[in-house]
2 protein chains.
Amino acid sequence: MLKLTKKTDYALMSINYMSYRKDLFVANTRSIAEIYNIPRELLAKILQKLAKEGFIESQNGPKGGYTLLKDPSEITLGEVIRAIEGPIQIVRCIEGDSTCSQTEQCTIQSPLRKIESHIVDYLDTITIDKIISETTDELLEVN
Amino acid sequence: MLKLTKKTDYALMSINYMSYRKDLFVANTRSIAEIYNIPRELLAKILQKLAKEGFIESQNGPKGGYTLLKDPSEITLGEVIRAIEGPIQIVRCIEGDSTCSQTEQCTIQSPLRKIESHIVDYLDTITIDKIISETTDELLEVN
DNA sequence: TTATATCCGACTCTATTGATCGGAGATAAA
DNA sequence: TTTATCTCCGATCAATAGAGTCGGATATAA
C-alpha cells in the first residue's frame, strides 16, 4: 500500500498548529493532542522525533513545549516523511539486498527506482506552507 | 510507508515475462514461479486477479496458462497497482469517513489529496513497456 | 480416465503500525 | 526546597496489513 502513516499525519497537523499559533510561543503535547484528538503518548514521540531532526525546538519543565524552528516554507513534505517514517522507499528492494530471492532475475528493479526518485523529488518540492495554506490549487502545477 | 507490495512486484515481473516469452503462447504459474522464485500459490492468485481485471487471459487444463491480452504499452503502472492492491491512497482518510476522529479539525486533508492525485496521475502515465525495457532514462521526463 | 492446469475461499504466520505504560530528568512557581 | 508540569525514552502490547499456505473444486488436453 502506497500510504502515509498516521504518525506523518500527526506530525503535519502539529507543524500546522505550531505555525498557526506562533503567538503562544510554546505549544505543548497535551494541547495539540486534545485539539486534534491524538493519543498523547504517541504524539509525544512524534514531537520528540521532530525535535531531534531539528524541525522544532523543545523546552523542558512546566510551561514548556515546542516551538517551530524552521518556517513552513522551508520544510518539505519529503523531509517530514523521512523524519517520521525513515527513508522513502516505493521500491522494496535495496541496493545489494542478498535476502531478496528475486534480485538476480528481477528486471524491473532499476526502472522502478527511477520512478521512486521522481516521486521523492516531487515530495521534496512540496513545502509545508503549501499544505497548511488554504490556497492549494497551485500544488498540481509545481513539478 | 509509501511502498509497493510484493504482490505488485510479482505482477509486474509476470507481465514482463509474458511479454518477453510471447512465443510460448501460454505461460503457466509454475514456470513463472520457478524462474522468479515466487511462492506458487501466491503467484496463482495474483495472476487470477490480473485475469479478472482483463490484463491477461487464462486457459484452463493441461498446457493451459496465461497470455497477455494488452500490449505493455497499453498498460500503466497505476492500473496494475490498482488491480492488485486496490485504489491508490497516499492519504489515509476517505471522503466522509466518520471513524476518523480527526476529520473535523484536520486542515491538511484536502491539500494532501491533491498531492495524491498528482502522484496517481504520474503513475498512470508510466506504461509497462517503459518499465520492462532497458532504456528507462526517459521515465524522468514523462510528466 | 488421468494428469495438469486454473480457480477460489479459508486459514496461518509475520511484519508493520498504532497505542500504552512506567519511570527518569528538567524547570518554573509556590 | 518541594511540587506540579513538562519533555524524554525504552519496553511492551494490540491492531492491522502483508505474505504465504492448504484443501478442494472445476476445466481440459492427451
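Atom CG of A:L43 and atom C1' of D:dT7 are 12 Å apart (whole Å). B:I46 has its CD1 atom 12 Å from the P atom of D:dT21, to the nearest Å. Atom P of nucleotide D:dT16 and atom CD of B:Q89 are separated by 16 Å, given to the nearest angstrom. Whole-Å rounding puts the B:R40 CZ to D:dA19 C1' distance at 17 Å. Rounded to an integer number of Å, the gap from B:L4 CG to D:dG18 C1' is 13 Å. To the nearest angstrom, C1' of D:dT21 lies 12 Å from NZ of B:K7. For B:K49 and D:dG20, the NZ to P distance is 14 Å, given to the nearest whole Å. Rounded to an integer number of Å, the gap from CG of A:L47 to C1' of D:dC6 is 12 Å.
Atom CD of residue A:E79 and atom CG of residue A:L77 lie 9.5 Å apart, to the nearest 0.5 angstrom. Atom CD1 of A:I15 and atom CG of A:D129 lie 11.5 Å apart (nearest 0.5 Å). Atom CD1 in A:I81 sits 8.5 Å away from atom OG1 in A:T76 (nearest 0.5 Å). Separating the CG atom in B:L112 from the OG atom in B:S117 is a distance of 11.0 Å, to the nearest 0.5 Å.
Between B:Y17 and B:Y36, the ring planes lie perpendicular to each other; the angle is over 60°, past the 30° to 60° tilted range.
The pair B:D9-B:K3 does not count as a salt bridge, with every side-chain nitrogen at least 4.0 angstrom from each carboxylate oxygen. Taking a cutoff of 4.0 Å between a charged side-chain nitrogen and a carboxylate oxygen, B:D124 and B:R82 qualify as a salt bridge.
Bracketed by its first and final contacts, the part of DNA chain C lying under 4.0 Å from non-hydrogen atoms of chain B reaches from C:dA3 to C:dG18 in 5' to 3' order.
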Test log, rule side chain to side chain contact (heavy atoms under 4.5 Å, CB included), inputs A:Q89 and A:E116: CA-CA 7 Å; A:Q89 286 182 291; A:E116 170 181 284; 4.2 Å; yes
Please tabulate, for side-chain N and O atoms in residues 46-67 of chain A, each donor-acceptor pair with protein atoms closer than 3.5 Å (sequence neighbours left out).
{"unit_1": "A:Q48", "atom_1": "NE2", "unit_2": "A:A44", "atom_2": "O", "d": "3.4"}
{"unit_1": "A:K49", "atom_1": "NZ", "unit_2": "A:I84", "atom_2": "O", "d": "3.4"}

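Toward the 5′ end of DNA chain D lies the nearest nucleotide of A:L2, the other residue of the pair A:L2 and B:P39 mapping further downstream.
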Summary of protein contacts for nucleotides 22-30 of chain D, nucleotide by nucleotide, where a base hit scores B, a sugar-phosphate-only hit scores S (4.0 Å, heavy atoms): BB---BBB-
